[in-house]
K.L.:
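This is the structure I have questions about; it appears just below.
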There are 2 protein chains.
Amino acid sequence: MDKFEVKLDQAARAAWMSYVGGITQDEIASQLGVSRPGVQRLLALARQEGLIKVHIDHPIAACMTLASAIRERFGLDYCDVVPAEASAPEGAAYYLAVAGAERVSRLVERSDPLTLSLGTGRSVRATVESLSRIERPQHRFVSLVGNVARDGSSNRYDGVMVLADKTGGQRFLLPSPVVASTVEEKASLQQQPLFQAITQVALEAEAAFIGVGQIDRQATLFQDHFISEAELDELLGRQAVGELLGWPMTADGDVVECSITRRVTSLPLEMFRDQPIVALAGGVAKGPAILAALRGGWLKGLVTDQLAARHIVEHF
Amino acid sequence: MDKFEVKLDQAARAAWMSYVGGITQDEIASQLGVSRPGVQRLLALARQEGLIKVHIDHPIAACMTLASAIRERFGLDYCDVVPAEASAPEGAAYYLAVAGAERVSRLVERSDPLTLSLGTGRSVRATVESLSRIERPQHRFVSLVGNVARDGSSNRYDGVMVLADKTGGQRFLLPSPVVASTVEEKASLQQQPLFQAITQVALEAEAAFIGVGQIDRQATLFQDHFISEAELDELLGRQAVGELLGWPMTADGDVVECSITRRVTSLPLEMFRDQPIVALAGGVAKGPAILAALRGGWLKGLVTDQLAARHIVEHF
DNA sequence: TCATCTATCGATCAAATGATCGTATGCGGT
DNA sequence: ACCGCATACGATCATTTGATCGATAGATGA
């Protein structure tokens, strides 16, 4: 095995010249007295033996590692992880919004008519607000979640509204509360032609950008009075850890069947199995919920922050 | 300057994908939403800003760094640094010989007639002894240093002898002591037709492989009785720290003019200004001598070990 | 000793990379 | 507001890199 040692020596030399010295393989070949393919084999050996350690000296490097791990593990089309600003917690939210806006604008910028669907939540709102104005009247934007609160007031600043305002595109809002008061109300809503028309548009969307909700006392669903405290307790009792479009799910990503589920008016998740859903969510509290959504295989894309990403990779 | 931060962020991302992730630049370009040349600029920026740290996980890496530094600093054609075997001091000598033999055999292996000149010293001897046998009767080997001791005995195992034996090439030995007894003896020697003929051959050599001598109580010149103790003291008094081919020189690489110099019979160093001289020497004791030879600009190539190399770079 | 097998090596080609150039875009000054 | 400058961007080409294939040399066993 002494022969192998010599090979490794040469491999290390070649690796040094190539990576540190920036020498071309031709040059290395003549320096080492081997053929160029020989140098390639040496470099391959060096890589294989783990002789070469590359370190990117920038905070973003950790994010990239996390992003790559998550993308691999859950077969995502993409995963962006933005740095967590330890000093300014809102900084991370801003980063998240910018990163999300980047992904959205990629789609919106193009000239062909585009249909995009949006969920609700702070992250989605912040994301569309980060977008710059661009004239795209040919685009259509549709909301996947009802934007009417229990008291009947309509959220004037839904993401779809902002996006349509910024682009001049068409808007399609779901004229319903997130959770209907009764099963009958839900059925009645779903029979409205308007509701069905919007459903149809949503099905034609090329991508869906949605938030991820956590299920606890800080849950948006609860804080915004879409569900009552008793209903929250019921969800917690059924092991719900997060929600997508108002659909609560367990840690494994299965949608929880319960009294609330039967009254959720959002479009059923199964409907989007073949559509790319992109989640926009960050913060350590959202970690378990995002992980659940990933486990359920609902997502094709994810824009998150370092805190949530770290939680996710630690609980694969 | 916030703009610059964003650029650096992207540069770090691109660098991560390229170096750690092994993604192609085309892929990175589409992931980052820029053109491929844009990615190149980002990578160039990342390199320039020192974001990318490559570490070769092998003892040889340190040697390569030293070698590169020395080659750069003194404009050498090449510099090989072999690892110092902390456990076995003779191991390093063996490595040195193998590394030197590698350089020599590059030249010897070729079929065109070759003229090679050799100095004396343990390193040169060990080097030629490491060479494998190869039939090259068309080659010529010439010694640059007299191989006759003060007592008149001839060193039967001069490097030239060994090399000629191994290749079947012609041998040209300098029939003189390294240091003549008197200036007159030197003059007389130099007038011999044989001496002049050999000088002529030496001038036709394509490369010279020589040792480097230190000037102290362990000096080969002194140990082998080429100079007396009084002469050694004289050299030390004149700040000589090393010698090439018997020519003592100061730390700056200037040849010392003194009573000994006038009696040295080796071919004058100036004669080789346009010839590639390669020094073979290692060990911490040889450090100052090698550094002097480098400072004098006498060398075009160097094969040394980690100990000497470290001394050299620390005393640039 | 010969045959065969395997491992290694170098020629060739496709892909990826780096560099140069012309062009566009934005910014500051007049 | 317009002009000029500077900076940055993207198309194109040369170089470098990676991979595949056939060939050759050495090893191993019959």
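Here the structure is a predicted model, which means the values were calculated and not measured. Just so it is clear: chains get the letters A, B, ... in the order the sequence lines come, proteins before strands, and each one is counted from 1.
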K.L.:
Do B/Q25 and B/R36 get their side chains close enough for a donor-acceptor pair, meaning under 3.5 Å?
P.N.:
yes
K.L.:
Identify whether the distance between the nearest side-chain nitrogen and carboxylate oxygen of A/E314 and A/R310 falls below 4.0 Å.
P.N.:
no
K.L.:
Centre of B/F209's six-membered ring, under 6.0 Å away, within 45 degrees of the axis: is that where NZ or CZ of B/R103 sits?
P.N.:
no
K.L.:
C/dG10 P sits how many Å from A/L32 CG, rounded?
P.N.:
13 Å
K.L.:
Might you work through the side-chain contact (heavy atoms from CB on, under 4.5 Å) test for B/V128 and B/K166, ending with a clear yes or no?
P.N.:
CA-CA 9 Å; B/V128 294; B/K166 289 204 171 183; over 6 Å; no
K.L.:
Round to the nearest Å and state the distance from B/L45 atom CG to D/dA8 atom P.
P.N.:
11 Å
K.L.:
Taking the side chain as everything from C-beta on, heavy atoms only, tell me whether B/F74 gets closer than 4.5 Å to B/F316.
P.N.:
yes
K.L.:
Taking only nitrogen or oxygen atoms into account, show me every contact under 3.5 Å that the protein makes with nucleotides 16-19 of chain D, one pair per line with its distance.
P.N.:
residue : atom : partner : partner atom : Å
D/dT17  : OP2  : A/Q25   : N            : 2.7
D/dG18  : OP2  : A/Q25   : NE2          : 2.5
D/dG18  : N7   : A/Q40   : NE2          : 2.2
D/dG18  : O6   : A/R36   : NH2          : 2.8

